[in-house]
Every structure is written in C-alpha cells, then in structure tokens.
Trainee: 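Below you will find the structure I want to go over with you.
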Amino acid sequence: MPIHNHNIAGMLNELADRLEMDGANAFRIRSYRNAAHSIHEMSRDISGMVANKEDISQLPDVGKNMAEKIKVIVQTGQLDLLNELREKIPVDTKTLLQLTQLGPKRLKLLYDELGITTLKELQEAAQNDQIADLKGFGKKTQQKILEEIHKYLQQKDTVKRFKWAIAEQIITPFLEYIKSHKDVLQAEIAGSYRRRKETVGDIDILIICNNAKSVMEHFVSYEEVKEILSHGSTKSSVILVSGIQVDLRAISKESYGSALHYFTGSKEHNVAVRKIAVSKNLKINEYGIYKNDERLAGEDEAGIYQQIGLQYIEPELRENRGEIEAAQKNSLPKLVTINDIKGDLQSHTTASDGKYTLEEMAEAARKRGYEYFAITDHSKRVTMAHGLDDKRVLEQIEAINKVNETYSDITILKSMEVDILKDGSLDLSNEVLKQLDIVVFAIHYYRNLSRDDQTNRVLKAMQNPYVHIMAHPTGRLIGKRDSYEIDMEKIIHAAKDNGCFLEINAAPERLDLSDIYAKMAKDVGVKLAISTDAHSEDNLNYMRFGVAQARRAWLEPKDVLNTYSWTDLKQMIKRI
DNA sequence: GCCGTTTTCGGCCCGACTGTTTTCAGTCG
C-alpha cells in the first residue's frame, strides 16, 4: 500500500493532536502541524522522494527530526511515537475532534475524568449529565455537545463541502438580495470562495453599510434561511436550506481592505504575511496595519501588501505556496484570464454523447468569439456514448470541412477524444488519427488497474506520435469519485519528454488536473489546455471554472495552449 | 520541533467569541 502525501499529513496531524492532549510543548505541536500542511500542499510525491534517497529535510517546515519520522512512515506505514500515544490516550480523536466545542484539551479532560474514548461514550456521558460538572464545561456546553453529536451522526454520510460552481449558484442571488438593501454601500464575498478553491466550506460576505442593524435584520430574513446561528449588530450567521453556512460582517470603510484580506485567507497565507509584518516591526490585524499605534493602511488590500514590501497578490495564489517569496522578488506570475482564451479544445456533438449537432456547437463557439474550436467526440470503445469508429471519423472530417467552408472567422478543428485501451494502445487507427488537426486522448475504462499498470498504460499511449492532449488526467469527480491510481509526476515528465500536453478539464465536477498538479506541470515545462469538455452549448461557459483553476496553479497565458493562435498552436503540437 | 542579514539560542501570528468564570481557557477561523 503506497503512502501518499495526504496519509503522511494525516498521521502528522494526528500526532500533533495527541501530543497536545499529552501536554507537549505548544511550539513542538505547531511544528508537526506545519510539516503536515507543507506535505499536504506538495505536488511531488514524498514516497517517491524517499525512494530516490532525496533529502526531504530540505522541504519547508521539515527538519532533521521530522524527515526521519516521515521516512519511517513512508517505509512502514507506522510511527512508534504515534502508536505509543494512541496506546497511552486511546481516544478516537479523528471522530471526536470533528465536533465543534471539543479540542485536544477538552478531550483529554473527558478521558481523564470519565474515561471517554468514543463518540458513543461521549453521548452517553452527556445524556447522563456527567459532563456539566467538569471544570471548564457546564450545562450549556454539555447541551451543545449533544447537539453536535446529533448533527454529526446525521451528516456523516453527506458531503460537507460544496463544489465552487454549486456555491456560486446558491450565493449569487443571496448577494444580490443583500445588495438590494438601501443602506448597503458595498458587498463582497471573501474566504475560499474568493480564492476559487474547487470546494467551499462556508461563505463569508463583507459589507460596508450605513445602518448595520437594519442590514443584519434584512440578512437573516432571506427566504432561503433555514437556521439563524447568530444575529448580532456587526456579524450574523445563517444556514441556508441548501445546508451552506453564510456569515455576514459589517466592516468600516477604513478597515475594509484589512478585513477583506483577513477573511479571504488562506490562514497559512495570513500567518506568513503577518510574520513579515512582525519582522518589520509592524502589526497586521483585521482592522489595519500598524506601526506602534500609528495606522499605516487598511482601506484596501493593495495598501497592506505595499506597506510590507510585497507586490499585490491575487486571491487565487494566497495559499502560502511560494507566492509571498515571489511577491518579495517582484516575480509573481501574470495570471491567465478568460480574455486570453482563443478557443476550446474539447467538445462533443450528437455524433457521440453531445446534446447539439456539429453545426450548432460550431455556431455557439463562433458566437463566443473563438478563433478555433475542436470537436472531440468519443471513439468506439465508449459504446454508451455511441463512440465513432474509423469510418465514422472520416465522415465527420468531411462534415467539418463543409462547416469550415461556411465560416471565415472561426476554424473548426477536426479532432477526437480517443480512448486509451487497457494495454495503452489507442481506439482508432493511426491512418485516421493522422488526418486529424489535434488529438485528445483519455482513460474511461479499467480505472482500477494497479498504479504501475495504469501509469504504464498512459506512458505507452503518449508514445503514439499522433496524440497531443491527455484529457482529465486523473479521472476524479470531486466529492464523488477519487482519482484512479496513477503516478502523475511520471506522467507529467513523460508529457514533457514526448511533446504531449495535459488538460485542465473545466467541468466543475472534474477540474482535473488539480491546481497542485497543474502547477507541477508548469514547473516541469508542460503546457496545459483549458477545455470545457462541453456536451452542450451552455457547457461552453465552463471555461471560467477552468481558468480559475489555472490561476490557482500559477498559469500565465504562455503556459496555456489555447491562448495561442491556431497558426502558432499548430506548430507547437507538431511531434513528427 | 523548526528556523536563522538578530544563525546554534530563543522565539515561534493574532484576535474574537463562548462559556465559564470573576480573569481565563479553549476553540475557532
């Protein structure tokens, strides 16, 4: 069983939790959490680095001691210290720490005083009124714990985070409603939503307004509010019927920038920014940036960054993945925008599983102002989608030639999303593939091969000189289906070596590649296509989700295939 | 336990909120 980065991060976080329960030094505990985060955000595979005898103590927040422990985890899947602590304090931290109200300190107390180790024991103790009398607890806390357990048991099997596009659908009308109040001067969404994370937990909205009390009243009265969690004069929280939590905060004009920065996060980014402030004898909080008691800035975000000598950092980059260092050196990427996109390189028509005809899709792309548009129907292996065989592909080439005769302002590219078969061969003959303008290749079947077999399958496909862009490279569906086992680092390097490209599939349930792997591809020197995989005219709008993902991956226009003109692109994809 | 134009010791991000207390600990973001 390979140990993945998130497994390592999980064990280090658990170790931190248990060390905290054991009363260890707070900074030692933080070290484990920092290392866990560092590894979680890494695109390179730690197991692979260990196997290659690379020095992992060079990684941020990983020192000699930590490196040793990580090595042991990779090699054995275990860690003595963690096992010892699990034995010493046999509390189900993984479950119990998910309950709000409970942190490591309280869990320890519950264990020491009442011997509680599981959710069930906790529930029984609370029901028997044993918790209220413990030091630092009380009736209210006991009651809240019971409610939390109830909530946890109810939600256990449901997804707690919302896909960005879903959150957008829910929050857009709510934001409009908030703005419709006459005293609201400005309203903006902060948090992970603003950073365009692929999933969103809850939503933070900041406002500048004249009469906060009245606006808060307006906010909690929204028709979709299911539950009011808090309703104060400057902050209120509600849960909507969809289950998403929304917080509204009234901010003064002079602090708006600091508050926006603070609530946009990420936490890790904020911590790093504050550290820099401290090193310059400044202090940053959500009200402003201060030198002693003198306030230097706060009205807008740019002012905050400027005061500590940083370039303005776009929200999508604020994950403490190197953006701060880049800002210090004035070398932040000039991120790609939707306006840079000149075409779409994956789409389907009624020939396979699309909802619209070739002519309709072509016209929709032309109306968007694209310079080129690839029709990439499925190949025959995808029987469910009525995939095309060699003969039908040749017919479609003819059909596209005809469509192109009617247009002077857009080129419809002859293409296919050809299936990679189980053995790495392709589902169409080379004689047909070589007649296409550009070829997208993808896995749809045999998702459960071993990591090696799956990787080799793709490597073999890449050696075929007639393929160009690997579609949805990991095959994941967010919140629904994990990636198949595949060594993406190897795939990225193979793409580089073979002159292939990878896709950022812009469909909101895919967003595949992820930001981390897409950045890795950029760093290795592999360009990416941002493609909608549209099965309808409307799906062409997915492009903006893909662009957001690309921005989180630090991509600039030059890193994205479909920012180039077709004339240039044609040269770039040439392999033989 | 990590880190270093304060570099091998001594610091490590910051504030709000809650419920419990009567000045604070724990949790959360």
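Within every chain, numbering begins at 1; the chains are lettered A, B, ... in the order of the sequence lines, protein sequences first and strands thereafter. Below, all heavy atoms of this structure are taken into account, side chains as well, without hydrogens, waters or symmetry copies.
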Trainee: Taking the side chain of A:Arg274 as heavy atoms from C-beta outward, which of B:dG19, B:dC14, B:dT27 is closest to it?
Mentor: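 The answer is B:dC14, which lies nearest to the side chain.
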
Trainee: Without decimals, in angstroms, what is the distance between A:Arg33 CZ and B:dC12 P?
Mentor: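 It works out to 19 Å between those atoms.
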
Trainee: Assign A:Leu102 to base, sugar-phosphate, or nothing according to its heavy-atom contacts below 4.0 angstrom with the strands shown.
Mentor: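 Contact class for A:Leu102: sugar-phosphate only.
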
Trainee: How far, in whole Å, is B:dT8 from B:dC3 if one measures between their C1' atoms?
Mentor: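 Comparing C1' positions in B:dC3 and B:dT8 gives a spacing of 10 Å.
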
Trainee: The side chain of A:Asn285 is closest to which nucleotide in this list: B:dT27, B:dG15, B:dC2?
Mentor: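 The answer is B:dG15, which lies nearest to the side chain.
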
Trainee: Any salt bridge between A:Asp129 and A:Lys139, counting N to O under 4.0 Å?
Mentor: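 Yes, charged N to carboxylate O under 4.0 Å.
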
Trainee: Given B:dG1, B:dG19, B:dG15, identify the nucleotide with an atom nearest to the side chain of A:Tyr287.
Mentor: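 So the side chain of A:Tyr287 is nearest to B:dG15.
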
Trainee: Charged N to carboxylate O under 4.0 angstrom, A:Asp17 versus A:Arg33?
Mentor: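 Yes, charged N to carboxylate O under 4.0 Å.
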
Trainee: Test A:Asp515 against every option in A:Arg551, A:Arg321, A:Lys197 by the salt bridge (charged side-chain N to carboxylate O under 4.0 Å, His left out) rule and name the one that passes.
Mentor: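 Answer to the salt bridge (charged side-chain N to carboxylate O under 4.0 Å, His left out) test with A:Asp515 among A:Arg551, A:Arg321, A:Lys197: A:Arg321.
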
Trainee: Using heavy-atom distances to pick each residue's nearest nucleotide on DNA chain B, tell me which of A:Gln142 and A:Asn270 is more 5'.
Mentor: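 By nearest-heavy-atom nucleotide position, the 5'-most residue is A:Asn270.
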
Trainee: Between atom CD in A:Gln143 and atom P in B:dT18, what is the gap in whole Å?
Mentor: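 Distance check: A:Gln143 CD to B:dT18 P gives 17 Å.
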
Trainee: By the 4.0 Å heavy-atom rule, please label A:Leu99 as base, sugar-phosphate, or nothing.
Mentor: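 Sugar-phosphate: the residue A:Leu99, judged by heavy atoms under 4.0 Å, touches backbone atoms but no base.
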
Trainee: Phosphate oxygens OP1/OP2 of B:dC2: is one of them under 4.0 Å from a side-chain N or O of A:Asn65?
Mentor: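 Yes, because at least one side-chain N or O of A:Asn65 sits under 4.0 Å from OP1 or OP2 of B:dC2.
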
Trainee: Which of these nucleotides, B:dG19, B:dG1, B:dG29, is closest to any side-chain atom of A:Phe27?
Mentor: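 For A:Phe27, the side-chain atoms sit closest to B:dG1.
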
Trainee: Can you check salt bridge (Lys or Arg N to Asp or Glu O under 4.0 Å) on A:Arg544 and A:Glu168, steps first, answer last?
Mentor: CA-CA 12 Å; A:Arg544 62 203 181 87; A:Glu168 182 192 40; 2.8 Å; yes

Trainee: Taking the nucleotide of DNA chain B with the nearest heavy atom to each, does A:Ser230 or A:Leu134 sit closer to the 5' end?
Mentor: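 The answer here is A:Ser230.
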
Trainee: Looking for any heavy atom pair under 4.0 Å, which part of the strands does A:Lys283 touch: base, sugar-phosphate only, or nothing?
Mentor: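 Sugar-phosphate contact only.
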
Trainee: Could you tell me the Watson-Crick or G-U partner of B:dA16, where both distances fall under 3.5 Å? Say none if there is no partner.
Mentor: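 B:dA16 is paired with B:dT27.
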
Trainee: Should A:Glu301 and A:Arg318 count as an ion pair when the cut-off is N to O under 4.0 Å?
Mentor: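 Yes.
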
Trainee: Counting any heavy atom closer than 4.0 Å, what does A:Asn34 reach on the DNA or RNA strands: base, sugar-phosphate only, or nothing?
Mentor: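 Result for A:Asn34 = nothing.
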
Trainee: Base, sugar-phosphate alone, or nothing: which one does A:Lys69 contact when heavy atoms must sit under 4.0 Å apart?
Mentor: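 Result for A:Lys69 = sugar-phosphate.
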
Trainee: Does A:Tyr32 place a side-chain N or O at less than 4.0 Å from the phosphate oxygens OP1/OP2 of B:dC12?
Mentor: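 Looking at the OP1 and OP2 atoms of B:dC12, neither is under 4.0 Å from any side-chain N or O of A:Tyr32.
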
Trainee: Rounded to whole angstrom units, what separation is found between the NE2 atom of A:His269 and the P atom of B:dG29?
Mentor: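 To the nearest whole Å, that distance equals 19 Å.
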
Trainee: Report which part of the nucleic acid A:Val273 touches: base, sugar-phosphate, or nothing (heavy-atom distance under 4.0 Å, all strands).
Mentor: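 A:Val273: no heavy atom of the nucleic acid under 4.0 Å.
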
Trainee: Please give, in whole Å, the distance from B:dG19 P to A:Lys144 NZ?
Mentor: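 Going from A:Lys144 (NZ) to B:dG19 (P), I get 5 Å.
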
Trainee: Counting side-chain heavy atoms from CB outward, which of B:dG29, B:dG26, B:dC12 is closest to A:Lys275?
Mentor: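 Side chain of A:Lys275 sits closest to B:dC12.
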
Trainee: Is the distance from OP1 or OP2 of B:dG19 to the nearest side-chain N or O of A:Lys139 less than 4.0 Å?
Mentor: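 No, outside the criterion.
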
Trainee: Tell me whether the OP1 or OP2 atom of B:dC28 has a side-chain N or O from A:Lys267 closer than 4.0 Å.
Mentor: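 No, because none of the side-chain N or O atoms of A:Lys267 sits under 4.0 Å from OP1 or OP2 of B:dC28.
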
Trainee: Please round to the nearest 0.5 Å and tell me the distance separating atom CG of A:Asn65 and atom OG of A:Ser31.
Mentor: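 It comes to 10.0 Å.
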
